[in-house]
Protein chains: 2
Amino acid sequence: MNSPRWLDSDEQRAWRAYLRMQGRLTARLNRQLQADSGLSLADYEVLVHLTDREEGRLRPYELQRDLQWEQSRLSHHLTRMQRRGLVTREECADDGRGAYVVITEEGRRAITAAAPGHVETVRRLFFDGLTREQVAALERLAADVLDRLD
Amino acid sequence: MNSPRWLDSDEQRAWRAYLRMQGRLTARLNRQLQADSGLSLADYEVLVHLTDREEGRLRPYELQRDLQWEQSRLSHHLTRMQRRGLVTREECADDGRGAYVVITEEGRRAITAAAPGHVETVRRLFFDGLTREQVAALERLAADVLDRLD
DNA sequence: GCCATGTAGATGATGCGTCATCTACTGGTG
DNA sequence: CACCAGTAGATGACGCATCATCTACATGGC
């Protein structure tokens, strides 16, 4: 890795601004969600994906694919969520190794209660400051970067 | 927080793409840095800021302001870095409550060794896929969002 | 000089994320 | 059927992040 192509000053500024924005924004969103509903962003994501399928039930590997999380992160997280009564695990008849994650009533109540405040916060902290062109450009940019990450 | 303004589909897509990009990108950067140099992104940031001042010495509260970290996060992190020999803490003569964080020789070696590979990875995973206009737009966007976060 | 308030920093508890590793089952090939 | 490679998932150890709380010193008003 000798003599790398360093970042020029435009890139430096953009990179620092991006890092700072993402750090602060994530922190704020997490804090709001935690304070108002006792959920973490991670909990929220899991619950959203579970409620997307109306049975409220998914195989962990599907959840993993959807969320793009590490397998062990998901497994640990589900254990914590299970301990708090947000989800349960059930056996999977088709595949003896497998399992189902199922959202509980309490999980449904939690996500239902949390969603409005969270969405409102995302809007207020993020989208309200941006034009539609900026939003479109961001989607583009994220897609371009993601393409190269595989 | 009744009847929030939900996100429309453009916003939804942009938001999901952003979240996914940032999660995967951060993970990749962290992994590369960790694997190639034994540093975390957080270590890297701290060391960069310390080497920016050529004495290699800062008051924790300055570091905190620069990094925009929570105070206790910084304190815990410095403790871990100290344990690994990357920094030391010294007393502050001017202010009896205060302290200095000082980068060690080992800290300097670590950041010097880590920087080229890290920068190269940032370039490869991020900037190489983007046009200069996209980079400029991102800086703008991040600045706009940051303005509203205070 | 004394007290109130504020600021610098550390610490313990707890939840989150990653890595390495383990178990158990599946499914294909001989 | 026996075997083996692969896949689903769990777990322990350890570093990271946050919250609440604590100590100690600084500083301004009386």
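Reminder, nothing fancy here: chain letters follow the sequence lines and each chain counts from 1.
Salt-bridge annotation for B:Arg16 and A:Glu139: absent, with no side-chain N of the basic residue lying under 4.0 Å from a carboxylate O of the acidic one. Between A:Glu90 and A:Arg57 there is a salt bridge, with a side-chain nitrogen of the basic residue lying less than 4.0 Å from a carboxylate oxygen of the acidic one.
Comparing A:Gln34 and A:Gln64 along DNA chain D, the residue whose closest nucleotide (by nearest heavy atom) sits nearer the 5' end is A:Gln64. Both A:Asp94 and A:Arg83 lie near DNA chain C, and the one whose nearest nucleotide falls closer to the 5' end is A:Arg83. Mapped onto DNA chain D by nearest heavy atom, B:Ala93 and A:Ala27 fall at different nucleotides, with A:Ala27 at the one closer to the 5' end. In terms of position on DNA chain C, the residue among A:Arg84 and B:Thr79 whose nearest nucleotide sits closer to the 5' end is B:Thr79.
Between A:Arg31 and D:dT18, a side-chain N or O to OP1/OP2 separation shorter than 4.0 Å is absent. Within the 4.0 Å cut-off from OP1 or OP2 of C:dA10, at least one side-chain nitrogen or oxygen of B:Arg89 is found. Contact between the side-chain N/O atoms of A:Arg97 and the OP1/OP2 oxygens of D:dG6 is not found at any separation under 4.0 Å.
Across D:dC16, C:dC16, D:dA17, the shortest atom-to-atom separation from the side chain of B:Arg73 is found for D:dA17. Minimum atom distance to the side chain of B:Asp95 is reached by D:dC25, of the listed D:dG9, D:dC25, D:dG15. Of the candidate nucleotides C:dC16, C:dT18, D:dA8, C:dT18 has the atom nearest to the side chain of A:Ser72. Between C:dG9, C:dC16, D:dA8, one nucleotide has an atom nearer to the side chain of A:Ser40 than all others, and that is C:dC16.
Distance B:Arg59 CZ to D:dC25 P: 14 Å, rounded to the nearest Å. Atom CG of A:Leu74 is separated from atom P of D:dA8 by 12 Å (rounded to the nearest Å). The nearest whole Å value for the distance from the CD atom in B:Gln82 to the P atom in C:dG9 is 14 Å. Rounded to whole Å, atom P of D:dC25 lies 18 Å from atom OH of B:Tyr61. The nearest whole Å value for the distance from the CG atom in B:Leu29 to the P atom in C:dG17 is 17 Å. Taking atom CH2 of residue B:Trp69 and atom P of nucleotide C:dG9, one finds them 15 Å apart after rounding to whole Å. Atom CD in A:Gln71 sits roughly 10 Å away from atom C1' in D:dT7 (whole-Å rounding). Atom CD of B:Glu91 is separated from atom C1' of C:dA10 by 14 Å (rounded to the nearest Å).
No contact: B:Asn30 has no heavy atom under 4.0 Å from any strand.
Note: A:Phe126 and B:Tyr18 have parallel aromatic rings, judged against thresholds of 30 and 60 degrees for the angle between ring planes.
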Working for salt bridge (charged side-chain N to carboxylate O under 4.0 Å, His left out), residues A:Arg31 and A:Asp36: CA-CA 8 Å; A:Arg31 223 185 324 274; A:Asp36 293 358; over 6 Å; no
From CA spacing to verdict: salt bridge (charged side-chain N to carboxylate O under 4.0 Å, His left out), B:Arg20, A:Asp66: CA-CA 10 Å; B:Arg20 177 158 302 192; A:Asp66 292 354; over 6 Å; no
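One cannot find a donor-acceptor pair under 3.5 Å joining the base of C:dG9 and the side-chain atoms of B:His76.
Judged by distance alone, the side chains of A:His77 and A:Asp43 do bring a donor and an acceptor atom under 3.5 Å apart.
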